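Bear in mind the structure is a predicted one, so any value in this text is a computation, not a measurement. Numbering of residues begins at 1 and proceeds along the displayed sequence.
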Amino acid sequence: MAPRFDFSDLWAKDTRRGTPVVVKMENPNYSIVEVEEPDSAFQPIEKSRGKNAKQVTWVLLLKAHRAVGCLTWLATLFWSLLGSVKRRLSFTHPLGSERLGRDRWLFTAIKLFLAASLATLGFELVAYYRGWHYFKNPNLHIPTSKLEIQSLFHLFYVGWLSLRADYIAPPIKALSKFCIVLFLVQSVDRLILCLGCFWIKFKKIKPRIVEEPFRYDDVEGSGSEYPMVLVQIPMCNEREVYEQSISAVCQLDWPKDRMLIQVLDDSDDESIQQLIRAEVTRWSQKGVNIIYRHRLVRTGYKAGNLKSAMSCDYVEAYEFVAIFDADFQPNSDFLKLTVPHFKGKPELGLVQARWAFVNKDENLLTRLQNINLCFHFEVEQQVNGVFLNFFGFNGTAGVWRIKALEESGGWLERTTVEDMDIAVRAHLHGWKFIYLNDVKVLCEVPESYEAYKKQQHRWHSGPMQLFRLCLRAILTSKIAMWKKANLILLFFLLRKLILPFYSFTLFCVILPITMFVPEAELPVWVICYVPIFMSLLNILPAPKSFPFIVPYLLFENTMSVTKFNAMVSGLFQLGSSYEWIVTKKAGRSSESDLLNLTDKESKKMPNQILRGVSDSELLEISQVEEQKKQPVSVKKTNKIFHKELALAFLLLTAAVRSLLASQGVHFYFLLFQGLTFLLVGLDLIGEQMS
């Protein structure tokens, strides 16, 4: 019988003295080998045990297989991305590039800037490969004597260095310092707004209804205590969204004898007019007090449409007017949540509700828009409403006191921001505004870059038009001096003029120039830390969008060229300053249950709907139903945006120059910003236009 050995004692701590041994078991014999130290006996043997050449080979093969699989996945992803880009660009029509029109001045300036940058880069590359590394150290000695000059090209290069240091760098430094000051002022303004929003949340401050809500007077349901409310739905060629907006407004919970709905159709397409008229007829037969209006002379865009509707004689019987754009879908309790705030507050002129977006998660473009709009409503509108009782009317999802509109001069057609115009004039006449952050109205944001760009152009050129027109009225008004200062310095200059100016000038002009003029190089905190801090402030109201902070920062810098162009056009009355293009809608709706209910009611009561309808109306309804059944062919196109592409090549050229100078942060910022401009210029963000 083989001897037994108890190995447990050998693993214990030093509790037994003697010479330690290790047993090597070999079948069928046993051998005992003496060793001096227990550590050398056990630990190295355990670590080096169990791996032979074949096992190492298999492990290496497995790791190589994983690496090849990862590379294959990356290559497939990159190839599919290129395929998607190629398919997207294949929809680019030969005439589908952006029409510059009278805004060609900015594109020409960018092209000249790009040509100068490319020439300077070539000049610097030749100098770099000849060993003249003066640009790596701006304080380096520049050759001046003839003995130090190596050639005629060297002489030109030395002359360029002297010209750059003595004449080009000082004005760039001055302009960059000015933009940095504006940048910091804007950052302080954003920080104060965020602190105000936190204070509102902490103290739970919000507008409250002073008196009891309205009641029905008798058992029959007569709402004589309810005020008369006029509801307006201005629209123009809104084929995709007219049905859901009319359906939502017609189901507002308000006494039918105290409410009138005006569908203000400015469509120039007769087929769309027919569809909208038939929809109005359908709801009218259900007992809804709704009328259809169409102007023969379509002047003044939306302001002209609203002005024409307010000139009707029956409007005198109404006290309030609620306005909804064609893509807005208010909840049934909207009027009961907004109109009671006017009770007992004769100085109140406007109650504004918040927007909510049904397609905010549709693509990257809609997600980035949601960040901006959430900050606008959650922070700007709410803080100004609570502390100042003034903010810019959003043009929709609001209720006006008709007396405030009339005393302020009514709707004017002088700008493309008629909503901001009437808000400023009402503020100058002493009317107060209330913003309800907890009352939300569903709507859409543009899903294509072209539609979003046109919308932003109108939103940034209009305020500058308005500023030129109403500056004199602000200065001569009877409101308090601090209100005048708030209107001029904060509302117009800081948030409408300075923001697009410094954003475009600092990141799209000065930063690329400083790569070729290192004497005026911007510090890292200007191009990295402060923008990230600003983006964090903007993204706080939409915390779910935090993973998109870097794309948001890059995209906002990309949009600065559009906003800067619009700001200059509006300020100096250039070609496209008075251009109104209806924002393209997709017709998306999260209120599917509401629409399904409408369809079911239409199917349940066909006789009731058609009762009392004339033969011409019946024929029109049947034609509309046939028209809806016909398939609509939609062809999507891709556009090329010249200014964005030119800036993309400019920033990438500056990135190459910064790479020669070993400027890490500047290089990465210019590289990714240039690629963002390239993607936007090729219309690779958002949906394609149909």
Side-chain angles (χ1 to χ4, degrees), residues 103 105-106 109-110 113 169-194 368 371-372 375-376 379-380 453 456-457 459-464 467-468 485-486 488-515 517 520-539 549 552-572 574 643-644 647 650-651 654 665-666 669-670 672-674 676-677 680:
D103 292 334
W105 64 272
L106 182 58
I110 295 174
F113 190 14
I172 294 178
K173 285 182 179 179
L175 182 59
S176 62
K177 289 180 180 178
F178 177 67
C179 290
I180 290 173
V181 171
L182 297 180
F183 190 20
L184 295 177
V185 171
Q186 176 71 24
S187 303
V188 172
D189 176 60
R190 291 292 175 97
L191 181 60
I192 293 175
L193 287 174
C194 289
L368 299 180
I371 296 174
N372 267 340
F375 182 86
H376 171 70
V379 180
E380 289 182 345
K453 182 177 181 179
Q456 292 299 305
H457 187 279
W459 285 3
H460 285 81
S461 65
M464 291 298 98
F467 179 65
R468 292 176 62 257
N486 173 68
I488 296 174
L489 299 178
L490 294 180
F491 186 76
F492 279 112
L493 291 182
L494 183 60
R495 295 167 189 167
K496 302 297 188 298
L497 188 147
I498 290 177
L499 178 58
F501 170 77
Y502 85 76
S503 181
F504 173 76
T505 306
L506 191 61
F507 296 108
C508 299
V509 177
I510 294 179
L511 181 58
I513 289 179
T514 57
M515 296 299 100
V517 186
E521 179 181 340
L522 291 175
V524 175
W525 63 269
V526 174
I527 64 174
C528 183
Y529 303 129
V530 176
I532 291 178
F533 176 71
M534 288 286 292
S535 300
L536 284 173
L537 291 180
N538 289 347
I539 215 167
I549 183 172
Y552 170 74
L553 173 62
L554 297 174
F555 182 72
E556 280 301 295
N557 291 336
T558 305
M559 285 303 300
S560 65
V561 61
T562 298
K563 297 176 182 179
F564 176 80
N565 182 35
M567 181 267 294
V568 174
S569 299
L571 192 62
F572 298 103
L574 299 181
K643 292 190 287 290
E644 285 79 358
L647 278 170
L650 172 63
L651 293 173
V665 176
H666 297 74
F669 183 87
L670 288 168
F672 289 113
Q673 190 63 70
T676 305
F677 267 105
V680 172

Straight-line distance of I539 CD1 to I549 CD1, nearest 0.5 Å
5.0 Å
Distance-only, no hydrogens or angles: does the S176 side chain make a donor-acceptor pair with backbone N or O of K173 under 3.5 Å?
yes
Heavy-atom distance under 4.5 Å between the side chains of P463 and F491, does that happen here?
no
Exactly one of N565, T562, V680 should register a side chain to side chain contact (heavy atoms under 4.5 Å, CB included) with K643. Which one does?
N565
Over all heavy atoms of both residues, which pair between M515 and A654 is shortest? Give the atoms and the distance, please.
CG-O, 3.6 Å
Donor-acceptor pair, distance only, cut-off 3.5 Å: does the side chain of E521 make one with the backbone of T514?
no
Here the gap from I510 atom CD1 to F504 atom CZ, rounded to the nearest 0.5 Å, amounts to 10.5 Å
Is there a side chain to side chain contact (heavy atoms under 4.5 Å, CB included) between V561 and F677 once you walk through the steps?
CA-CA 10 Å; V561 61; F677 267 105; 4.1 Å; yes
Any chance you could measure F564, atom CZ, to C508, atom SG, to the nearest 0.5 Å?
10.0 Å
Tell me, do Y529 and V524 make a side-chain contact under 4.5 Å, heavy atoms counted?
yes
Shortest non-hydrogen contact from M534 toward Y502:
CE-OH, 4.4 Å
Could you report the tightest heavy-atom contact between G570 and R468, atom names first, then the distance?
O-CD, 3.7 Å
Min side-chain heavy-atom separation L511-F669 under 4.5 Å:
yes
Run the side chain to side chain donor-acceptor pair (under 3.5 Å) test against K563 and tell me which residues pass, sequence neighbours left out.
E556
Grab the two heavy atoms, one from L184 and one from W525, that are nearest each other, plus how far apart they are.
CD2-CZ3, 4.1 Å
Do M559 and H460 pass the side chain to side chain contact (heavy atoms under 4.5 Å, CB included) test, and can you show the C-alpha distance, the side-chain angles, and the key distance before you say yes or no?
CA-CA 11 Å; M559 285 303 300; H460 285 81; over 6 Å; no
Candidate pair L537 and V379, rule side chain to side chain contact (heavy atoms under 4.5 Å, CB included), full reasoning:
CA-CA 10 Å; L537 291 180; V379 180; over 6 Å; no
Which distance, rounded to the nearest 0.5 Å, do you find between the CG of L499 and the CG of L493?
12.5 Å
Give, for atom CG of N557 and atom CG of L553, the distance between the pair rounded to the nearest 0.5 Å.
5.0 Å
Has H666 got a side-chain atom pairing as donor or acceptor with L522's backbone, closer than 3.5 angstrom?
yes
What heavy-atom pair brings C179 and T505 nearest, and what distance separates the two atoms?
SG-CG2, 3.8 Å
Atom pair CG/OG1 of L647 and T558 - distance to nearest 0.5 Å:
9.0 Å
How far apart are the C-alpha atoms of Q673 and F507, what are their side-chain angles, what is the distance that settles it, and do they pass the side chain to side chain contact (heavy atoms under 4.5 Å, CB included) test?
CA-CA 9 Å; Q673 190 63 70; F507 296 108; 5.9 Å; no
What is the minimum heavy-atom distance between S560 and S503, and which atoms define it?
CB-OG, 3.5 Å
Partner set under side chain to side chain donor-acceptor pair (under 3.5 Å) for Y552, not counting sequence neighbours
N372, N538
